[in-house]
Amino acid sequence: MKQDQLKAWQPEQFDRFVRILEQDQLNHAYLFSGFFGSLEMAQFLAKSLFCTDKVGVLPCEKCRNCKLIEQEEFPDVTLIKPVNQVIKTERIRELVGQFSQAGIESQQQVFIIEQAEKMHPNAANSLLKVIEEPQSEVYIFFLTSDEEKILPTIRSRTQIFHFKKQEEKLILLLEQMGLVKKKATLLAQFAQSRAEAEKLANQASFWILVDESERLTTWLVAKKKESYLQAAKLASLADDKEKQDQVLRILEVLCGQDILQARVRVILQDLLEARKMWQANVSFQNAMEYLVLKEI
C-alpha cells in the first residue's frame with residue numbers, strides 16, 4: 001500500500017504521523033490497534049527513517065531501501081509473526097539481543113511485531129526494559145486486533161493509535177475484484193486487514209469453509225441432528241490452526257449478521273465458549289462437538 005492509498009484508508013492517522021515526523025518526535029514504542037493499514041503505517045514510518053531520497057519527511061517509495069522495506073527484505077526492519085498461533089519467548093529474546101547492536105545499514109533498527117497479543121507473557125515481559133531504556137536507536141511497533149489482550153505493562157509504555165476498519169471501502173474494493181455483494185460483505189466483515197481480504201477473495205478453500213459454516217449455522221438454528229455430521233465435516237476440512245481460526249471467525253460473522261434473533265445470540269455465546277476451549281488447547285473437533293451438544 002503506497003502513501004496515497006494509506007492516506008485514503010487512514011487519513012487521520014496518516015496526517016498525525018506526518019506531523020510527528022515533521023516535528024522529529026517519533027516515539028520508540030507504539031501500539032497500533034486494528035489491522036486496517038497498521039502494518040502499512042509501520043512500514044511507511046520505517047521507510048521515512050531509511051529512505052535515501054526523501055521529499056521533506058516523506059519517503060520516496062522508489063529507492064532501494066524503500067523497495068526492500070515494502071518487500072520485507074530490508075535488514076534493519078524486522079517483521080515478527082506468530083508461528084502456530086504463538087510468538088515464542090525464544091524469538092523475542094533473540095530480538096532483545098539485537099537491540100543492543102547498531103543496525104547493519106545505519107544506527108537505526110525497526111521491529112514490527114504482528115498479532116502482538118499472541119506473544120507469550122514471558123516474551124512480552126522481556127521487552128519492558130528495552131521499551132523503557134532503549135540501548136540504541138530502536139523503534140518497536142506492536143500490531144494487534146485486540147489491544148485488551150496486550151499486557152497492561154506494555155500498553156502503558158507505548159503510544160496507542162487506533163486503525164478503524166474501513167468496511168464500506170473494503171466491500172467496494174472486493175466488488176471491484178469480482179465478488180458478488182453477499183460475498184464481498186461477508187469477507188469485509190471477516191477480514192482483519194485489507195491484505196487478508198485480498199488474499200482470501202479468490203481462494204477456493206476459504207469459500208468452501210464459508211459454505212460449510214453457513215450450512216452448520218442454518219442447521220444449528222433449526223436444531224437439526226445433522227449438525228453433528230456437519231461439525232465433523234468442518235473439523236476434517238479445518239486441518240490446521242489457521243483454518244480452524246478461520247472457521248470460528250466465519251461462524252462469528254454469520255451469527256453477527258443475524259444477531260437480532262434470540263436463538264442466534266444463544267449460539268454465539270456458546271460459540272465464544274467453544275473458541276475459549278480451543279484456545280486452551282482442547283482439540284478443534286471437541287470444541288465443535290461441544291457447540292453442537294449445547295445447541296441440539
Side-chain angles (χ1 to χ4, degrees), residues 1-10 13-14 17 21 26-54 57-88 90-99 101-119 123-124 127 130 136-145 158 161 163 170 173 191-203 240-242 245:
M1 188 186 289
K2 300 297 183 185
Q3 286 174 46
D4 55 344
Q5 294 173 308
L6 183 56
K7 186 169 184 176
W9 281 68
Q10 294 290 349
Q13 303 300 28
F14 183 86
F17 272 110
L21 292 173
L26 195 63
N27 197 33
H28 281 285
Y30 289 94
L31 175 60
F32 287 174
S33 180
F35 286 145
F36 272 76
S38 57
L39 172 60
E40 291 83 357
M41 182 64 80
Q43 290 176 322
F44 165 75
L45 294 169
K47 290 173 190 173
S48 76
L49 293 170
F50 294 106
C51 178
T52 56
D53 195 18
K54 282 193 280 195
V57 296
L58 301 178
C60 70
E61 305 275 9
K62 297 173 184 173
C63 70
R64 167 187 171 272
N65 290 0
C66 281
K67 286 180 178 176
L68 287 175
I69 291 168
E70 186 78 25
Q71 295 159 7
E72 301 178 8
E73 292 178 0
F74 190 69
D76 294 334
V77 178
T78 304
L79 183 63
I80 297 101
K81 300 180 181 182
V83 176
N84 293 326
Q85 300 292 310
V86 68
I87 298 174
K88 293 184 177 177
E90 298 79 43
R91 180 70 184 99
I92 296 299
R93 283 183 181 149
E94 284 172 23
L95 196 67
V96 172
Q98 289 176 249
F99 289 162
Q101 305 162 17
I104 294 169
E105 305 251 346
S106 74
Q107 293 298 307
Q108 302 171 126
Q109 291 189 85
V110 172
F111 297 90
I112 303 170
I113 304 176
E114 273 199 282
Q115 299 180 61
E117 73 280 1
K118 292 180 179 173
M119 281 190 295
L127 287 171
V130 180
S136 56
E137 206 166 336
V138 169
Y139 299 88
I140 309 174
F141 298 93
F142 298 93
L143 314 185
T144 182
S145 61
T158 56
F161 282 73
F163 289 77
L170 191 55
L173 174 73
Q192 293 181 322
S193 70
R194 174 177 166 169
E196 183 182 32
E198 290 176 338
K199 174 185 165 190
L200 295 175
N202 296 306
Q203 193 177 100
D240 61 35
K241 287 276 190 183
E242 183 181 1
D245 182 56

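Values below: every heavy atom of this structure, side chains too, minus hydrogens, waters and symmetry copies. Keep in mind that what you see is a predicted model, and the values were worked out from it rather than measured.
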Shortest non-hydrogen contact from Q3 toward F14: O-CE1, 4.0 Å

Closest contact, heavy atoms only, F44 versus P59: CE1-CD, 3.5 Å

Closest heavy-atom pair and its distance - T144, L31: CG2-CD1, 3.7 Å

Taking every non-hydrogen atom, the tightest pair across I87 and A123: O-CB, 4.2 Å

pair M41-L6: side-chain heavy atoms closer than 4.5 Å: yes

N65 side chain reached by C51 side chain, heavy atoms, under 4.5 Å: no

Side-chain donor/acceptor of E196 to backbone N/O of F35, under 3.5 Å: no

Donor-acceptor under 3.5 Å (D76 side chain, Q109 main chain): no

Side-chain heavy atoms of T158 within contact of F142, under 4.5 Å: yes

Audit row: F163, F36, ring pair (Phe, Tyr, Trp, His ring centres under 6.0 Å) steps and yes/no: CA-CA 6 Å; F163 289 77; F36 272 76; over 10 Å; no

Any side-chain heavy-atom pair of K62 and D53 under 4.5 Å: no

Closest approach of G34 to S38 (non-hydrogen atoms, all atoms of both residues): O-OG, 2.8 Å

F161 and F32 aromatic ring geometry - parallel, tilted or perpendicular at 30°/60° bounds: perpendicular

K118 atom NZ: more than 12 heavy-atom contacts under 6.0 Å: yes

Pair K7 + E40: basic N to acidic O under 4.0 Å: no

The single option from Q71, E72, E70 passing side-chain contact (heavy atoms from CB on, under 4.5 Å) against L68: Q71

Residue pair F111 / V77, side-chain heavy-atom distance below 4.5 Å: no

Validation row: L45, V110 side chains within 4.5 angstrom (heavy atoms): no

Pairwise side-chain contact, I112 with I80, heavy-atom cut-off 4.5 Å (strictly under): no

Any donor-acceptor N/O pair, K81 side chain to I113 backbone, under 3.5 Å: no

Heavy-atom pair of closest approach, residues K54 and S48: NZ-O, 2.9 Å

Steps toward side chain to side chain contact (heavy atoms under 4.5 Å, CB included) verdict (Q43, L39): CA-CA 6 Å; Q43 290 176 322; L39 172 60; 4.1 Å; yes

Rounded distance [0.5 Å steps], CG in L143 versus CD in Q192: 12.0 Å

Flag side-chain contact, heavy atom, 4.5 Å: I69 against F50: yes

E90 with R93: basic N within carboxylate O range, under 4.0 Å: no

Pairwise distance CG(D4) to CH2(W9) - rounded to 0.5 angstrom: 13.0 Å

Residue pair S145, E117: steps toward the side chain to side chain contact (heavy atoms under 4.5 Å, CB included) verdict: CA-CA 8 Å; S145 61; E117 73 280 1; 4.0 Å; yes

Main-chain N/O of Y139 paired to H28 side chain as donor or acceptor, under 3.5 Å: no

Chi angles and distances behind the side chain to side chain contact (heavy atoms under 4.5 Å, CB included) call for R64, T52: CA-CA 8 Å; R64 167 187 171 272; T52 56; over 6 Å; no

